[in-house]
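Just below is one structure, and these are the notes that go with it.
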Amino acid sequence: MRIHLTSVFVDDQAEALRFYTEILGFVKKHDVPLGEKDRWLTVVSPEEPGGTELLLEPAGHPAARTYRDALVKDGIPLAQFAVGDVRAEFERLRGHGVHFTQEPLEMGPVTTAVFDDTCGNLIQIATQAQ
């Protein structure tokens with residue numbers, strides 16, 4: 001068993017696609033219209049185009065919105081992405097105007113940072129020391 005798909009709830013799929021591709025560097029994998037305004041919209045890492053897909057899922061359901069907003073209020077990231085170097089990625093993303101709620105922090109063998117994805121979520125990036 002392996003993880004094939006996971007999702008983040010987003011307020012605006014077009015804005016989420018822009019942020020996740022142009023700023024974070026993911027690539028669009030699927031973009032299928034669902035109804036009048038929603039889409040089955042996934043992105044993947046360019047390093048693993050056949051790997052786990054991230055669904056940019058509309059946050060229209062009241063439970064999704066409540067859950068996501070409670071996590072943000074408490075400062076809890078909805079998802080974590082692995083990066084080669086948290087400090088370098090922090091600088092790169094900050095150069096693109098990304099707002100961080102936690103600057104790089106070393107916690108034993110792991111370094112993390114947390115940013116606002118502009119779509120209603122906090123996302124953590126992490127590197128584990130070799």
Qualifying salt bridge (charged side-chain N to carboxylate O under 4.0 Å, His left out) pairs, either residue in residues 90-104, two or more places apart = E89-R92, E91-R94
Report, one line per pair, each donor and acceptor closer than 3.5 Å where one atom sits in a side chain of residues 1-9; sequence neighbours left out.
residue : atom : partner : partner atom : Å
S7      : OG   : E57     : OE1          : 3.0

task = Mind checking side chain to side chain contact (heavy atoms under 4.5 Å, CB included) for V44 and listing every partner two or more places apart, or none if nothing turns up?
result = V27, K29, E53
query = Which other residues belong to the hydrophobic cluster containing V72, where Ile, Leu, Val, Met, Phe, Trp and Tyr are joined when side-chain heavy atoms lie under 4.5 Å apart, directly or via other members?
reply = V114, L122
key: Beyond-backbone contact of I23 with D117, side-chain heavy atoms, under 4.5 angstrom   = no
remark   = Hits for ring pair (Phe, Tyr, Trp, His ring centres under 6.0 Å) against F115, two or more places apart or cross-chain, chain-then-number order -> F100
inquiry  = Strictly by side-chain hydrogen bond (donor to acceptor under 3.5 Å, both in side chains), give each pair with a member in residues 58-67 just once, sequence neighbours left out.
reply    = D11-R65
ask   = What residues form a salt bridge (charged side-chain N to carboxylate O under 4.0 Å, His left out) with D69, not counting sequence neighbours?
value = none
key: Summary of salt bridge (charged side-chain N to carboxylate O under 4.0 Å, His left out) pairs that have at least one residue in residues 75-85, sequence neighbours excluded   = none
request  = Could you name each residue pair satisfying side-chain hydrogen bond (donor to acceptor under 3.5 Å, both in side chains) that touches residues 105-116, not counting sequence neighbours?
outcome  = R87-E106, Q102-T112
request  = Mind jotting down which residue pairs meet the side-chain hydrogen bond (donor to acceptor under 3.5 Å, both in side chains) criterion with at least one end in residues 72-84? Sequence neighbours excluded, please.
outcome  = Q80-Q124
query = Is N121 reaching over with its side chain to a backbone N or O of I123, donor-acceptor style, under 3.5 angstrom?
reply = no
inquiry  = Please enumerate all residues that pass ring pair (Phe, Tyr, Trp, His ring centres under 6.0 Å) together with F26, with sequence neighbours excluded.
reply    = F81
remark   = Sequence neighbours excluded, the answer for side chain to side chain contact (heavy atoms under 4.5 Å, CB included) partners of P58 is Q13, D38
key: CG-NZ distance between L17 and K28, expressed to the nearest 0.5 angstrom   = 6.0 Å
request  = Indicate, with yes or no, if L78 and L55 share a hydrophobic cluster defined by side-chain heavy-atom contacts under 4.5 Å among Ile, Leu, Val, Met, Phe, Trp and Tyr.
outcome  = no
ask   = From L56 CG over to R18 CZ, what is the distance, rounded to the nearest 0.5 angstrom?
value = 12.5 Å
